[in-house]
There are 2 protein chains.
Amino acid sequence: MFSNSSKYAIKAVLFLAVNSSESHRIMVKDLAAPINVPQAYLAKLLQELSRGGIISSKKGPKGGFFLSKENVQYTLMDIVNVIDGNDKFNSCLLSLEKCNADKPCPLHDLASPSRSKFIQSLNQNTIDEFSIQIEQGKVFLPL
Amino acid sequence: MFSNSSKYAIKAVLFLAVNSSESHRIMVKDLAAPINVPQAYLAKLLQELSRGGIISSKKGPKGGFFLSKENVQYTLMDIVNVIDGNDKFNSCLLSLEKCNADKPCPLHDLASPSRSKFIQSLNQNTIDEFSIQIEQGKVFLPL
DNA sequence: ATTAAAATATGACAAAAGTCATATTTAAGA
DNA sequence: TCTTAAATATGACTTTTGTCATATTTTAAT
C-alpha cells in the first residue's frame with residue numbers, strides 16, 4: 001500500500017505535528033528513536049520533505065525540524081507524493097489505461113467505492129486534523 | 001497496492017478463466033500478447049502459479065495452461081499470496097504492531113472499514129465469479 | 001523410436017527501493 | 001572570530017523486484 005519510505009515519512013510528520021513547534025525544534029536523532037526508524041535513513045527522508053515544503057527546518061546549534069502553520073495544512077497524500085512521486089493511487093488497480101466507470105476492469109467495482117473513499121481521506125484530512133485527534137485521545141501515537 | 005508481478009498474475013488468471021479450459025489449453029506466447037505482459041517474465045509467473053496450485057498446465061505438444069474446476073475456486077488473495085508472499089494486506093497501514101481497534105493508529109479509522117471491506121472482497125470473490133461477471137458483460141477484459 | 005513442441009528449472013542481469021556513512025554548509029554562542 | 005552543533009548534499013552499498021535467456025524435461029504425433 002504505502003512504501004516503507006512513505007510510512008516512515010508519515011510517522012515522522014505526525015510525531016512532529018504533536019511534539020514540535022516553531023520554537024521547539026526536534027533533531028533527527030531525537031526523532032528517529034521514538035518513531036522507530038533508522039536515523040540515517042530518516043535524515044534523508046526529512047530532507048526530501050523539507051525540500052518539498054512539507055516540513056520546516058533550521059540548521060546549526062538549537063536547530064532541528066518542526067512544522068509551521070502552513071506545514072500543518074498539508075495532507076497525507078502530499079507526503080506520499082513527495083516521497084514516492086505522484087499517481088501512486090490515481091490509477092486502475094491493474095494499471096489498465098482504458099479502465100473507467102463505463103468500461104470497468106474486473107477489479108474496478110470491487111475496489112470502488114471503498115477505495116475512492118479511502119483516497120479521498122488521504123487527500124482531505126490535514127496533518128493538523130490528525131494531531132487534534134491524537135491530542136483528544138481518539139487515536140494513538142506509539143509509532 | 002499490488003506489485004507488478006501480482007497485477008500480471010491476476011491478468012493472466014482472469015484471461016485463462018475466460019478463454020481456456022481443460023480441453024483448450026493456452027500457451028505462454030498466446031497469453032502474453034493479449035494481456036500485454038513480457039512473455040519471458042510471464043512464463044516465470046505462470047510456473048509459480050502452477051507450482052502453487054492456482055493454475056494447471058500440461059507439458060509437450062498441445063500443452064499449455066488452463067484452469068480446472070478446482071483452480072477456478074481460488075481467490076485474488078490466493079494469487080497475491082503465491083506471487084508476493086502472505087500478509088501483504090493483513091497488517092496496519094503504518095506497520096505498527098500495537099495497532100488495533102482499541103488503540104488505533106491515526107490511520108486506522110481512516111482506512112477501516114473501507115479497507116477491510118476491500119480486503120474481504122479479495123478473499124471472498126472466486127476467479128469463477130469474476131469470469132461470470134465478464135461473460136455477462138458487466139466488466140471488461142482488454143488487459 | 002525419433003522428432004518436435006510445449007512447460008519447467010535455473011541463473012544472469014538490470015532497475016528500483018532501502019540503508020548507511022561522510023564531507024559540506026549554516027548558524028548559535030562563547 | 002572561533003568553535004561547535006545542527007541540517008544538507010552526495011554517493012556507496014545492499015536487498016528486492018523486475019526482466020530476460022537458455023538448457024532440461026515431458027509428451028504428442030509421426
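Not measured: the values here are computed from a predicted model. Throughout, a chain's letter reflects where its sequence line sits, starting with A, and its residues are numbered from 1.
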Chemist: Going by heavy atoms in the side chains, are A:Asp128 and A:Tyr74 under 4.5 Å from each other?
Modeler: no

Chemist: Nearest-Å distance, CD (B:Gln47) to C1' (D:dT24)?
Modeler: 12 Å

Chemist: In Å, rounded to the nearest 0.5 Å, how long is the span from CG of A:Leu93 to CE of B:Met1?
Modeler: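 Atom-to-atom, A:Leu93:CG and B:Met1:CE are 5.5 Å apart.
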
Chemist: Distance check needed: C:dA4 C1' versus B:Lys58 NZ, whole Å only.
Modeler: 17 Å

Chemist: Distance check needed: D:dA9 C1' versus A:Leu42 CG, whole Å only.
Modeler: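 Result: 16 Å.
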
Chemist: Between atom CZ in B:Phe65 and atom P in C:dA5, what is the gap in whole Å?
Modeler: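 My rounded result for the distance is 18 Å.
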
Chemist: Tell me whether the OP1 or OP2 atom of C:dA6 has a side-chain N or O from B:Ser57 closer than 4.0 Å.
Modeler: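 No, because none of the side-chain N or O atoms of B:Ser57 sits under 4.0 Å from OP1 or OP2 of C:dA6.
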
Chemist: For B:Ala40 and A:Leu46, find the nucleotide of DNA chain D closest to each by heavy atoms; which residue's nucleotide sits nearer the 5' end?
Modeler: A:Leu46

Chemist: Below the 4.0 Å mark, does C:dA6 have OP1 or OP2 next to a side-chain nitrogen or oxygen of B:Lys29?
Modeler: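 Looking at the OP1 and OP2 atoms of C:dA6, one of them is under 4.0 Å from a side-chain N or O of B:Lys29.
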
Chemist: Does the structure place the NZ or CZ of A:Lys7 under 6.0 Å from the centre of the six-membered ring of A:Phe2, at an angle of no more than 45° from the ring's axis?
Modeler: no

Chemist: Can you measure A:Phe66 atom CZ to D:dA6 atom C1' for me and round it to whole angstrom units?
Modeler: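 Whole-Å distance recorded here is 13 Å.
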
Chemist: Which word best sums up how the rings of B:Tyr8 and B:Tyr41 line up, parallel for under 30°, tilted for 30 to 60°, or perpendicular for over 60°?
Modeler: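 Ring orientation of B:Tyr8 relative to B:Tyr41: perpendicular.
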
Chemist: If you find the nucleotide of DNA chain D closest to B:Gly60 and the one closest to B:Pro38, which residue's nucleotide is nearer the 5' end?
Modeler: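 So the residue in question is B:Pro38.
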
Chemist: Looking only at N and O atoms, is any donor in the side chain of B:Lys44 or the base of D:dT19 less than 3.5 Å from an acceptor on the other one?
Modeler: yes

Chemist: B:Lys62 has a side chain; which of D:dA28, C:dA7, D:dA7 sits nearest to it?
Modeler: D:dA28

Chemist: Are any of B:Tyr8's side-chain N or O atoms less than 4.0 Å away from OP1 or OP2 of D:dT19?
Modeler: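 For D:dT19, OP1/OP2 do have a side-chain N/O of B:Tyr8 under 4.0 Å.
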
Chemist: Using a heavy-atom cut-off of 4.0 Å across all strands, would you classify B:Arg51 as base, sugar-phosphate, or nothing?
Modeler: sugar-phosphate

Chemist: Could you tell me how far apart A:Asn4 (CG) and D:dT14 (C1') are, to the nearest whole angstrom?
Modeler: 14 Å

Chemist: Can you find a side chain N or O atom of A:Ser3 that sits less than 4.0 Å from OP1 or OP2 on C:dA17?
Modeler: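 For C:dA17, neither OP1 nor OP2 has a side-chain N or O of A:Ser3 closer than 4.0 Å.
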
Chemist: At what distance, to the nearest 0.5 angstrom, does OG1 of B:Thr75 lie from CD1 of B:Ile54?
Modeler: 7.5 Å

Chemist: When all nucleic acid strands are considered with a 4.0 Å heavy-atom cut-off, which category describes B:Lys7: base, sugar-phosphate, or nothing?
Modeler: nothing

Chemist: Atom NZ of B:Lys59 to atom C1' of D:dA29: distance rounded to whole Å?
Modeler: 18 Å

Chemist: At under 4.0 Å, does any side-chain N or O of B:Ser50 touch on OP1 or OP2 of C:dT8?
Modeler: yes

Chemist: May I have the distance from B:Leu45 (atom CG) to D:dT19 (atom P), rounded to whole angstrom?
Modeler: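 Going from CG in B:Leu45 over to P in D:dT19 covers 9 Å.
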
Chemist: Name the closest nucleotide to the A:Pro61 side chain, picking from D:dA9, C:dT8, D:dA5.
Modeler: D:dA5

Chemist: Could you say whether A:Ser6 or B:Gly64 is positioned toward the 5' end of DNA chain C, judged by the nucleotide with the nearest heavy atom to each?
Modeler: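 The answer here is B:Gly64.
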
Chemist: Does the side chain of B:Asn81 come within less than 4.5 Å of B:Met77's, by heavy atoms?
Modeler: yes

